[in-house]
Protein chains: 2
Amino acid sequence: MAETILVLEDDPAMQSFLGTLLKTQQHQVHSFSEGIAALQHLVQQPVDLILLDLGLADMDGQLWLAQLRSWCDTPVIVISARHREQDKVQALDNGANDYVTKPFSAAELLARVRANLRHNTPQQQAFSFGNIRLDPVLRQVSRAGAEVHLTKTEYDILLLLMRHADKVLTHNQILTQVWGKTYTDRPEYVRVHMAQLRQKLEDTPAAPVYLKTEPGVGYRLKMT
Amino acid sequence: MAETILVLEDDPAMQSFLGTLLKTQQHQVHSFSEGIAALQHLVQQPVDLILLDLGLADMDGQLWLAQLRSWCDTPVIVISARHREQDKVQALDNGANDYVTKPFSAAELLARVRANLRHNTPQQQAFSFGNIRLDPVLRQVSRAGAEVHLTKTEYDILLLLMRHADKVLTHNQILTQVWGKTYTDRPEYVRVHMAQLRQKLEDTPAAPVYLKTEPGVGYRLKMT
DNA sequence: GCAATCTTTATAAAATCTTTATAATCAGCC
DNA sequence: GGCTGATTATAAAGATTTTATAAAGATTGC
């Protein structure tokens, strides 16, 4: 958390409400009532998200948004009392990322704030255990920050173990998922590749911390 | 335009309506009624945006979304008849980028589609990695400042790799995007053209730094 | 027809997987 | 505890698959 959010809203009650709401989520909030002041601040200090009320006193919110978008691509959530379709379309086409109409639910607004912070900071949904990280989007594994090259089979096994973290997977389950149903009588395949994975991922392959053996049953990835 | 949009919606009337609506904007639309089929398609061929109806017959839309997000970060707009706050919050926290409730205005939906396409495909004026630069507007590639001539096929492959920087693209994905769906059994096409690209772009084509092979899987453009 | 490009093909090289042998470890039993 | 048979770990050789590359043939557009 601790993302910085700029609120541009000229109704004092609403400004105060938004500030309080966002601070409950540990966000740092900068509130403004006037468009010019907000722009000046943004030039000085970038923020992670902007909440914009269209009904400003000193200038038109749509114009403000259009002007902002000429140089800044920070996500903007528009908050407005205007329910008309054409207002929404105009704001979105002016570069808004989302449009919320008053009255709105606090929980929904916070969820939309989270969503917009998330997709702008494309932090991958990565699995990690210890100093090992697996990023299924990039199909990439790293150890202590350094990329580790895994073969297709090794990667498939690790992904399978991660998707069932802390559970025991039998040889047959691994063989079926990775090699296919007809390979259930080749447990040695799993052993050889598991040894390879340990060589690449464990600090002490002979005394594995993550890739544990369950004798007589199968293997388990310990996430702790 | 010409972005590809996947629609997952099990009501035939709504599916048809969405398809028609999106096609008026020159989008390429792939419609599905079942979650499994849609996932299978996405693995084969990435899209630019996903419209998801939460009320699927064969599985829970929220589960589908969570599963998708474990490996895919394509923008998702949820369309739902459920107006409850907790449904919205859950969907947004599951990784949805936007949430639209039925009944919705066509113009607003299209505006939200535009907004989500725009913000997730930042209008990079030029991609670059190392001393290589690709300008999609001029359709021009240069290396260390000097223009490099690429054939149409070479350029298409490079652009595709750049749009999915650092991700692995399978042979099938490359073949489908560049040659078409009926070429998925010709991986040698990709190999030959990839070798050409390396000759033109890499300092040491035999030991590529950018255009990496992932044996058994596909190719990856390494930007980092 | 010519030049550029794409497709096809053949061969060499590289990477990975499978197989095998041996050593280590484990579980049950006396 | 120590023995025994079964299971597991590991390295390394062998086999197979996958990939790189050049070059010849086919196609396309001007």
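Since we're looking at a predicted model, the values are computed, not measured. Each chain gets a letter, A, B and so on, in the order its sequence line appears, and its residues count up from 1.
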* Flag this pair as yes if the NZ/CZ of B/Arg112 is under 6.0 angstrom from the six-membered ring centre of A/Tyr99 and inside a 45 degree cone about the axis; otherwise no. => no

Is there a side-chain polar atom (N or O) of [X] under 4.0 Å from OP1 or OP2 of [N]?
X: B/Trp179; N: C/dT7; value: yes
X: A/Arg198; N: D/dA9; value: yes
X: A/His193; N: C/dT19; value: no
X: B/Thr153; N: C/dC6; value: yes
X: B/Thr213; N: D/dA20; value: yes
X: A/Thr151; N: C/dC17; value: yes
X: A/Arg186; N: C/dC17; value: no

* When you check the gap from the basic side-chain N to the acidic O, do B/Asp135 and B/Arg139 get nearer than 4.0 Å? -> no

* Asked: Would you call A/Arg69 and A/Asp73 a salt bridge, using N to O less than 4.0 angstrom?
  -> no

* Asked: Which nucleotide in the list C/dT16, C/dT5, C/dT20 gets nearest to the side chain of A/His149?
  -> C/dT16

* For the side chain of B/Pro215, counting heavy atoms from C-beta on, which of C/dT16, D/dT21, D/dT8 is nearest? -> C/dT16

[X] [atom1] - [N] [atom2] separation (whole Å):
X: B/Met194; N: C/dC6; atom1: CE; atom2: C1'; result: 15 Å
X: B/Lys152; N: D/dG29; atom1: NZ; atom2: P; result: 12 Å
X: A/Gln196; N: C/dA15; atom1: CD; atom2: P; result: 15 Å
X: A/Tyr189; N: D/dT16; atom1: OH; atom2: P; result: 12 Å
X: B/Glu188; N: D/dA26; atom1: CD; atom2: C1'; result: 15 Å
X: A/Glu154; N: D/dT10; atom1: CD; atom2: P; result: 14 Å
X: B/His171; N: D/dA20; atom1: NE2; atom2: P; result: 8 Å
X: A/Lys212; N: C/dC26; atom1: NZ; atom2: C1'; result: 14 Å

* Asked: Starting at the 5' end of DNA chain C and moving along, which residue's nearest nucleotide shows up first, A/Val192 or A/Leu150?
  -> A/Leu150

* Asked: CG of B/Asp166 to CG of B/Leu221: how many Å apart, nearest 0.5 Å?
  -> 7.0 Å

* Remember a base hit wins even if backbone is also touched, and classify B/Tyr183 as base, sugar-phosphate or nothing at under 4.0 Å, heavy atoms. => nothing

* To do: Check every strand shown and say whether A/Pro205 touches a base, only sugar-phosphate, or nothing at a heavy-atom separation below 4.0 Å.
  => sugar-phosphate

* Qualifying residue, where the test is side chain to side chain contact (heavy atoms under 4.5 Å, CB included) with A/Ile50 and the options are A/Leu65, A/Leu68, A/Ile5 -> A/Leu68

